[in-house]
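Here's the structure, in C-alpha coordinates; my notes come after.
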Amino acid sequence: MSKPVSALAAKSDLFDPIVLGPYTLANRIVMAPLTRSRADDEGVPGELQATYYAQRASAGLIISEATNISPQGKGYIRTPGIWSKEQVEGWKLTTKAVHDRGGRIYLQLWHVGRVSHPDLQPGGSLPVAPSAVRAENQQAYTYEGFKPLVTPRALETAEISGIVADYAHAAKRAKEAGFDGVEIHAANGYLLQQFLSDKTNKRTDQYGGSIENRTRIVVEVVDAVVKVWGGDRVGIRLAPLTKFADIGDSNPEPVYLSLVEQLNPFKLSYIHVVEGDTGGDRNPSGAFDLQKLRRAFNGLYMANNNYTLELAVEARAENLADLICFGRPFIANPDLVERLREGAPLATPDPSTFYAGEAKGYTDYPAL
Ligand code: 8OZ
(Lines give C-alpha, C1' and ligand atoms only; values in the text may rest on other atoms or scores of the structure.)
Protein backbone atom coordinates (compact mmCIF):
# COMPACT_ATOMS: atom_id res chain seq x y z
CA MET A 1 0.00 0.00 0.00
CA SER A 2 1.39 3.43 -0.85
CA LYS A 3 1.93 5.93 1.94
CA PRO A 4 -0.65 8.67 2.60
CA VAL A 5 0.10 12.04 1.10
CA SER A 6 -0.89 15.26 2.86
CA ALA A 7 -3.26 17.65 1.06
CA LEU A 8 -0.50 20.27 0.85
CA ALA A 9 2.01 17.83 -0.62
CA ALA A 10 -0.53 16.35 -3.07
CA LYS A 11 -1.01 19.64 -4.90
CA SER A 12 2.72 20.36 -5.30
CA ASP A 13 5.43 19.03 -7.64
CA LEU A 14 7.94 19.27 -4.77
CA PHE A 15 7.95 15.48 -4.45
CA ASP A 16 8.23 14.80 -8.19
CA PRO A 17 11.49 13.96 -9.98
CA ILE A 18 13.55 16.73 -11.54
CA VAL A 19 16.50 16.64 -13.93
CA LEU A 20 19.71 18.18 -12.59
CA GLY A 21 22.60 17.97 -15.04
CA PRO A 22 22.97 14.27 -15.98
CA TYR A 23 20.84 13.10 -13.04
CA THR A 24 17.14 12.64 -12.43
CA LEU A 25 16.66 13.50 -8.77
CA ALA A 26 13.83 11.72 -6.96
CA ASN A 27 12.37 15.01 -5.73
CA ARG A 28 13.09 18.73 -5.47
CA ILE A 29 14.10 18.65 -1.81
CA VAL A 30 17.81 19.18 -1.14
CA MET A 31 19.62 18.47 2.10
CA ALA A 32 21.59 21.66 2.71
CA PRO A 33 25.28 21.56 3.61
CA LEU A 34 25.48 21.32 7.41
CA THR A 35 28.71 21.60 9.39
CA ARG A 36 28.66 18.85 12.03
CA SER A 37 32.34 18.71 13.13
CA ARG A 38 32.79 14.97 13.55
CA ALA A 39 35.72 14.19 11.25
CA ASP A 40 39.03 13.25 12.88
CA ASP A 41 41.81 15.77 13.46
CA GLU A 42 43.25 15.03 10.00
CA GLY A 43 39.90 15.87 8.42
CA VAL A 44 39.06 12.25 7.62
CA PRO A 45 35.39 11.19 7.74
CA GLY A 46 34.46 7.55 8.39
CA GLU A 47 31.65 5.07 8.99
CA LEU A 48 29.83 7.53 11.24
CA GLN A 49 29.43 10.06 8.42
CA ALA A 50 28.48 7.27 5.98
CA THR A 51 25.66 6.18 8.31
CA TYR A 52 24.46 9.76 8.81
CA TYR A 53 24.34 10.62 5.11
CA ALA A 54 22.83 7.25 4.10
CA GLN A 55 20.03 7.78 6.64
CA ARG A 56 19.18 10.98 4.71
CA ALA A 57 19.49 9.54 1.18
CA SER A 58 15.80 10.07 0.32
CA ALA A 59 16.57 13.76 -0.24
CA GLY A 60 16.54 14.48 -3.98
CA LEU A 61 20.12 15.65 -3.51
CA ILE A 62 22.45 15.81 -0.52
CA ILE A 63 25.07 18.55 -0.41
CA SER A 64 27.84 17.50 1.95
CA GLU A 65 28.93 19.59 4.88
CA ALA A 66 31.47 22.26 3.87
CA THR A 67 34.75 20.45 3.19
CA ASN A 68 38.20 22.05 3.30
CA ILE A 69 40.04 22.08 -0.03
CA SER A 70 43.46 22.45 1.65
CA PRO A 71 44.99 22.68 5.14
CA GLN A 72 44.95 26.47 4.70
CA GLY A 73 41.23 26.40 3.93
CA LYS A 74 40.34 25.12 7.42
CA GLY A 75 38.67 27.32 10.02
CA TYR A 76 36.83 25.01 12.40
CA ILE A 77 37.99 21.94 14.31
CA ARG A 78 36.95 18.48 13.08
CA THR A 79 35.69 19.70 9.72
CA PRO A 80 36.46 17.23 6.93
CA GLY A 81 38.89 17.79 4.09
CA ILE A 82 39.23 16.59 0.51
CA TRP A 83 42.92 17.04 -0.27
CA SER A 84 44.51 13.80 1.06
CA LYS A 85 44.26 10.14 0.01
CA GLU A 86 43.02 9.23 3.51
CA GLN A 87 40.19 11.74 3.21
CA VAL A 88 39.23 10.29 -0.19
CA GLU A 89 39.13 6.78 1.31
CA GLY A 90 37.00 8.05 4.18
CA TRP A 91 34.55 9.81 1.88
CA LYS A 92 34.20 6.67 -0.28
CA LEU A 93 32.30 5.08 2.60
CA THR A 94 29.76 7.92 2.44
CA THR A 95 29.32 8.03 -1.33
CA LYS A 96 28.86 4.24 -1.49
CA ALA A 97 26.37 4.21 1.39
CA VAL A 98 24.31 7.02 -0.17
CA HIS A 99 24.36 5.38 -3.61
CA ASP A 100 23.36 2.02 -2.11
CA ARG A 101 20.25 3.79 -0.79
CA GLY A 102 19.51 5.34 -4.19
CA GLY A 103 20.60 8.86 -3.21
CA ARG A 104 22.75 11.52 -4.87
CA ILE A 105 25.46 13.50 -3.09
CA TYR A 106 27.59 16.51 -4.08
CA LEU A 107 30.63 17.58 -2.11
CA GLN A 108 30.88 21.22 -1.04
CA LEU A 109 34.32 22.76 -1.70
CA TRP A 110 35.33 25.22 1.04
CA HIS A 111 38.12 27.64 1.87
CA VAL A 112 37.34 29.80 4.90
CA GLY A 113 39.87 32.56 4.15
CA ARG A 114 40.01 34.92 7.12
CA VAL A 115 37.47 32.97 9.20
CA SER A 116 40.20 30.92 10.87
CA HIS A 117 42.89 31.14 13.51
CA PRO A 118 46.65 30.33 13.63
CA ASP A 119 45.78 27.35 15.90
CA LEU A 120 44.01 25.78 12.90
CA GLN A 121 46.50 26.80 10.21
CA PRO A 122 49.55 24.86 8.97
CA GLY A 123 52.59 25.88 11.01
CA GLY A 124 50.51 28.23 13.14
CA SER A 125 50.57 30.86 10.40
CA LEU A 126 48.03 33.62 9.92
CA PRO A 127 44.88 32.84 7.95
CA VAL A 128 44.82 34.37 4.48
CA ALA A 129 42.32 36.74 2.87
CA PRO A 130 42.11 39.20 -0.01
CA SER A 131 43.07 42.00 2.39
CA ALA A 132 44.24 42.37 5.99
CA VAL A 133 40.74 43.09 7.33
CA ARG A 134 39.61 41.29 10.47
CA ALA A 135 36.10 39.87 10.87
CA GLU A 136 34.45 41.51 13.87
CA ASN A 137 31.81 39.85 16.06
CA GLN A 138 33.00 36.37 15.16
CA GLN A 139 35.04 33.78 17.01
CA ALA A 140 37.16 30.86 15.84
CA TYR A 141 36.24 27.38 17.06
CA THR A 142 39.67 25.96 18.00
CA TYR A 143 40.96 22.93 19.92
CA GLU A 144 41.06 25.14 23.02
CA GLY A 145 37.54 26.50 22.60
CA PHE A 146 36.42 29.79 21.11
CA LYS A 147 39.08 32.43 20.41
CA PRO A 148 38.80 35.86 18.77
CA LEU A 149 39.61 35.94 15.08
CA VAL A 150 42.92 37.52 14.09
CA THR A 151 43.74 40.02 11.35
CA PRO A 152 44.49 37.86 8.31
CA ARG A 153 47.44 38.15 5.95
CA ALA A 154 46.61 39.61 2.52
CA LEU A 155 47.39 37.13 -0.24
CA GLU A 156 50.15 38.05 -2.70
CA THR A 157 48.93 38.21 -6.29
CA ALA A 158 51.29 35.35 -7.16
CA GLU A 159 49.66 33.08 -4.54
CA ILE A 160 46.19 33.19 -6.06
CA SER A 161 46.89 30.71 -8.85
CA GLY A 162 47.94 28.26 -6.12
CA ILE A 163 44.56 28.62 -4.41
CA VAL A 164 42.78 28.04 -7.72
CA ALA A 165 44.97 24.94 -8.16
CA ASP A 166 43.93 23.77 -4.67
CA TYR A 167 40.28 23.94 -5.78
CA ALA A 168 41.12 21.90 -8.90
CA HIS A 169 43.00 19.32 -6.82
CA ALA A 170 40.12 19.04 -4.36
CA ALA A 171 37.66 18.72 -7.23
CA LYS A 172 39.68 15.78 -8.61
CA ARG A 173 39.79 14.18 -5.16
CA ALA A 174 36.01 14.54 -4.87
CA LYS A 175 35.66 12.65 -8.14
CA GLU A 176 37.97 9.87 -6.89
CA ALA A 177 35.83 9.67 -3.76
CA GLY A 178 32.73 8.89 -5.84
CA PHE A 179 30.68 12.07 -5.39
CA ASP A 180 28.05 12.87 -8.02
CA GLY A 181 29.20 16.48 -8.38
CA VAL A 182 30.55 19.42 -6.44
CA GLU A 183 29.28 22.71 -5.10
CA ILE A 184 31.66 25.68 -4.82
CA HIS A 185 31.02 27.52 -1.55
CA ALA A 186 31.14 31.22 -2.45
CA ALA A 187 28.78 32.29 0.35
CA ASN A 188 28.59 33.00 4.08
CA GLY A 189 31.60 35.27 4.31
CA TYR A 190 34.29 32.72 3.43
CA LEU A 191 37.25 33.22 1.08
CA LEU A 192 35.45 33.59 -2.24
CA GLN A 193 32.85 35.97 -0.84
CA GLN A 194 35.67 37.93 0.84
CA PHE A 195 36.95 38.63 -2.70
CA LEU A 196 33.48 39.52 -4.00
CA SER A 197 32.68 42.01 -1.23
CA ASP A 198 34.00 45.55 -1.04
CA LYS A 199 33.94 45.39 2.78
CA THR A 200 36.72 42.78 2.74
CA ASN A 201 38.45 43.26 -0.62
CA LYS A 202 40.68 46.36 -0.60
CA ARG A 203 43.10 45.05 -3.23
CA THR A 204 44.61 47.19 -5.94
CA ASP A 205 45.75 44.35 -8.24
CA GLN A 206 43.64 42.50 -10.84
CA TYR A 207 41.70 40.77 -8.00
CA GLY A 208 40.32 43.94 -6.40
CA GLY A 209 38.55 47.18 -7.16
CA SER A 210 36.20 46.84 -10.14
CA ILE A 211 33.43 44.26 -10.26
CA GLU A 212 35.32 42.44 -12.98
CA ASN A 213 38.35 42.24 -10.69
CA ARG A 214 36.46 41.21 -7.54
CA THR A 215 34.65 38.41 -9.38
CA ARG A 216 37.85 37.21 -11.09
CA ILE A 217 38.94 34.55 -8.59
CA VAL A 218 35.46 33.03 -8.48
CA VAL A 219 35.36 32.75 -12.28
CA GLU A 220 38.87 31.22 -12.25
CA VAL A 221 37.84 28.69 -9.60
CA VAL A 222 34.68 27.79 -11.54
CA ASP A 223 36.75 27.37 -14.71
CA ALA A 224 39.22 25.07 -12.92
CA VAL A 225 36.50 22.96 -11.29
CA VAL A 226 34.45 22.70 -14.49
CA LYS A 227 37.57 21.40 -16.28
CA VAL A 228 37.49 18.48 -13.82
CA TRP A 229 33.75 17.83 -13.65
CA GLY A 230 32.02 19.48 -16.61
CA GLY A 231 29.59 22.31 -15.87
CA ASP A 232 26.57 20.04 -15.58
CA ARG A 233 27.91 18.49 -12.35
CA VAL A 234 28.96 21.76 -10.70
CA GLY A 235 26.88 24.19 -8.68
CA ILE A 236 27.81 27.32 -6.76
CA ARG A 237 26.51 28.73 -3.51
CA LEU A 238 26.00 32.48 -3.22
CA ALA A 239 24.75 34.70 -0.39
CA PRO A 240 24.49 38.19 -1.85
CA LEU A 241 22.67 39.65 1.17
CA THR A 242 24.26 37.89 4.10
CA LYS A 243 26.10 39.60 6.95
CA PHE A 244 27.47 36.28 8.26
CA ALA A 245 31.10 36.44 9.46
CA ASP A 246 31.00 40.23 9.14
CA ILE A 247 30.71 40.16 5.34
CA GLY A 248 28.92 42.78 3.30
CA ASP A 249 28.90 44.79 0.12
CA SER A 250 27.87 48.41 -0.39
CA ASN A 251 26.01 47.45 -3.58
CA PRO A 252 25.70 43.70 -4.15
CA GLU A 253 23.21 43.73 -7.04
CA PRO A 254 25.60 44.60 -9.91
CA VAL A 255 28.31 42.34 -8.45
CA TYR A 256 26.08 39.25 -8.41
CA LEU A 257 24.34 40.00 -11.71
CA SER A 258 27.76 40.34 -13.35
CA LEU A 259 28.98 37.15 -11.69
CA VAL A 260 25.99 35.11 -12.83
CA GLU A 261 26.35 36.43 -16.39
CA GLN A 262 30.04 35.48 -16.38
CA LEU A 263 29.11 32.02 -15.12
CA ASN A 264 26.55 31.35 -17.87
CA PRO A 265 29.10 30.13 -20.47
CA PHE A 266 30.17 27.38 -18.02
CA LYS A 267 26.61 25.97 -18.04
CA LEU A 268 26.65 25.18 -14.32
CA SER A 269 23.75 23.06 -13.21
CA TYR A 270 22.57 25.38 -10.44
CA ILE A 271 23.06 28.43 -8.28
CA HIS A 272 22.33 27.80 -4.61
CA VAL A 273 21.17 31.10 -3.14
CA VAL A 274 21.08 31.88 0.57
CA GLU A 275 18.14 34.27 0.45
CA GLY A 276 18.68 37.12 2.90
CA ASP A 277 20.87 36.94 5.98
CA THR A 278 22.21 33.43 6.67
CA GLY A 279 19.68 31.69 8.87
CA GLY A 280 17.81 34.96 9.25
CA ASP A 281 15.44 37.35 7.51
CA ARG A 282 14.74 36.20 3.95
CA ASN A 283 13.69 39.62 2.65
CA PRO A 284 15.63 42.35 4.45
CA SER A 285 14.31 45.80 3.57
CA GLY A 286 16.16 47.62 0.82
CA ALA A 287 17.66 44.40 -0.53
CA PHE A 288 17.64 43.71 -4.25
CA ASP A 289 15.21 41.18 -5.69
CA LEU A 290 17.06 37.85 -5.89
CA GLN A 291 14.66 36.69 -8.61
CA LYS A 292 16.78 38.90 -10.88
CA LEU A 293 19.60 36.41 -10.34
CA ARG A 294 17.27 33.55 -11.14
CA ARG A 295 16.27 35.23 -14.42
CA ALA A 296 19.88 36.13 -15.33
CA PHE A 297 21.19 32.58 -14.79
CA ASN A 298 20.86 29.80 -17.37
CA GLY A 299 20.68 26.86 -14.92
CA LEU A 300 18.46 25.83 -12.03
CA TYR A 301 17.85 28.00 -8.96
CA MET A 302 18.13 26.36 -5.54
CA ALA A 303 16.57 28.39 -2.73
CA ASN A 304 17.82 28.23 0.86
CA ASN A 305 16.98 29.95 4.13
CA ASN A 306 14.62 28.58 6.75
CA TYR A 307 12.18 27.02 4.31
CA THR A 308 9.16 25.17 5.66
CA LEU A 309 6.89 22.84 3.72
CA GLU A 310 4.39 25.67 3.31
CA LEU A 311 7.03 28.08 1.97
CA ALA A 312 8.48 25.42 -0.33
CA VAL A 313 5.07 24.57 -1.78
CA GLU A 314 4.41 28.28 -2.29
CA ALA A 315 7.82 28.80 -3.96
CA ARG A 316 7.04 26.01 -6.42
CA ALA A 317 3.47 27.20 -7.04
CA GLU A 318 4.76 30.67 -7.89
CA ASN A 319 7.80 29.25 -9.72
CA LEU A 320 10.26 31.18 -7.54
CA ALA A 321 12.74 28.28 -7.28
CA ASP A 322 13.47 24.91 -8.90
CA LEU A 323 14.95 23.18 -5.87
CA ILE A 324 14.44 23.91 -2.18
CA CYS A 325 17.04 23.31 0.53
CA PHE A 326 16.17 22.20 4.02
CA GLY A 327 18.96 22.37 6.58
CA ARG A 328 18.26 22.04 10.29
CA PRO A 329 15.07 19.97 9.76
CA PHE A 330 17.28 17.20 8.30
CA ILE A 331 19.28 16.97 11.54
CA ALA A 332 16.53 15.37 13.64
CA ASN A 333 14.48 13.97 10.74
CA PRO A 334 16.51 11.59 8.59
CA ASP A 335 13.29 10.75 6.71
CA LEU A 336 12.39 14.41 6.26
CA VAL A 337 11.11 13.92 2.71
CA GLU A 338 8.67 11.21 3.80
CA ARG A 339 7.50 13.23 6.80
CA LEU A 340 6.87 16.31 4.67
CA ARG A 341 5.03 14.26 2.09
CA GLU A 342 2.83 12.60 4.68
CA GLY A 343 2.32 15.70 6.80
CA ALA A 344 3.89 13.90 9.76
CA PRO A 345 5.21 15.86 12.74
CA LEU A 346 8.86 16.91 12.73
CA ALA A 347 11.30 16.11 15.54
CA THR A 348 13.28 18.97 17.10
CA PRO A 349 17.09 18.79 17.04
CA ASP A 350 19.31 19.35 20.06
CA PRO A 351 21.55 22.39 19.40
CA SER A 352 24.14 21.19 21.95
CA THR A 353 25.13 18.40 19.53
CA PHE A 354 25.10 20.43 16.29
CA TYR A 355 28.89 20.83 16.20
CA ALA A 356 30.07 18.37 18.84
CA GLY A 357 29.94 14.75 19.82
CA GLU A 358 29.89 11.49 17.96
CA ALA A 359 26.77 9.40 17.25
CA LYS A 360 24.67 11.24 19.83
CA GLY A 361 22.62 13.93 18.13
CA TYR A 362 23.94 12.74 14.77
CA THR A 363 22.96 9.21 13.75
CA ASP A 364 20.58 8.42 16.62
CA TYR A 365 17.53 10.38 15.41
CA PRO A 366 15.06 7.67 14.31
CA ALA A 367 12.98 7.61 11.14
CA LEU A 368 9.23 7.41 11.75
C1 8OZ B 1 28.00 26.95 10.84
C2 8OZ B 1 29.11 26.60 11.56
C3 8OZ B 1 30.30 26.40 10.89
C4 8OZ B 1 30.37 26.56 9.53
C5 8OZ B 1 28.48 28.07 6.61
C6 8OZ B 1 30.12 26.32 6.61
O7 8OZ B 1 27.89 28.93 7.22
C8 8OZ B 1 29.31 27.07 7.33
C9 8OZ B 1 29.25 26.93 8.80
C10 8OZ B 1 28.05 27.11 9.48
O11 8OZ B 1 28.43 28.01 5.39
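First listed ligand is number 1; within each ligand, the first listed atom is number 1. Below, each value reflects all heavy atoms present in this structure, side chains not excepted, and no hydrogens, waters or symmetry copies.
By the side chain to side chain contact (heavy atoms under 4.5 Å, CB included) test, Asn306 is found to be paired with Arg282, residues two or more places apart in sequence or in another chain being considered.
Protein residues with a heavy atom closer than 4.0 Å to ligand 1 are Thr35, Ala66, Tyr76, Trp110, His185, Asn188, Tyr190, Arg237, Phe244, Tyr355, listed by chain and number.
Sorted by first and then second residue, the salt bridge (Lys or Arg N to Asp or Glu O under 4.0 Å) pairs with a member in residues 91-109 read Glu89-Lys92, Lys96-Asp100, Arg104-Asp180; sequence neighbours excluded. Among residues at least two apart or in separate chains, salt bridge (Lys or Arg N to Asp or Glu O under 4.0 Å) pairs with a member in residues 247-272 are Arg214-Asp249, Glu253-Lys292.
More than 12 heavy atoms of other residues, nucleotides or ligands shown are found within 6.0 angstrom of NZ on Lys175.
Here the options are Trp91, Tyr23, Tyr106, the test is ring pair (Phe, Tyr, Trp, His ring centres under 6.0 Å), and the partner is Phe179; only Trp91 passes.
Nearest approach of Gln121 to Pro71, heavy atoms of both residues: NE2-O, 4.2 Å.
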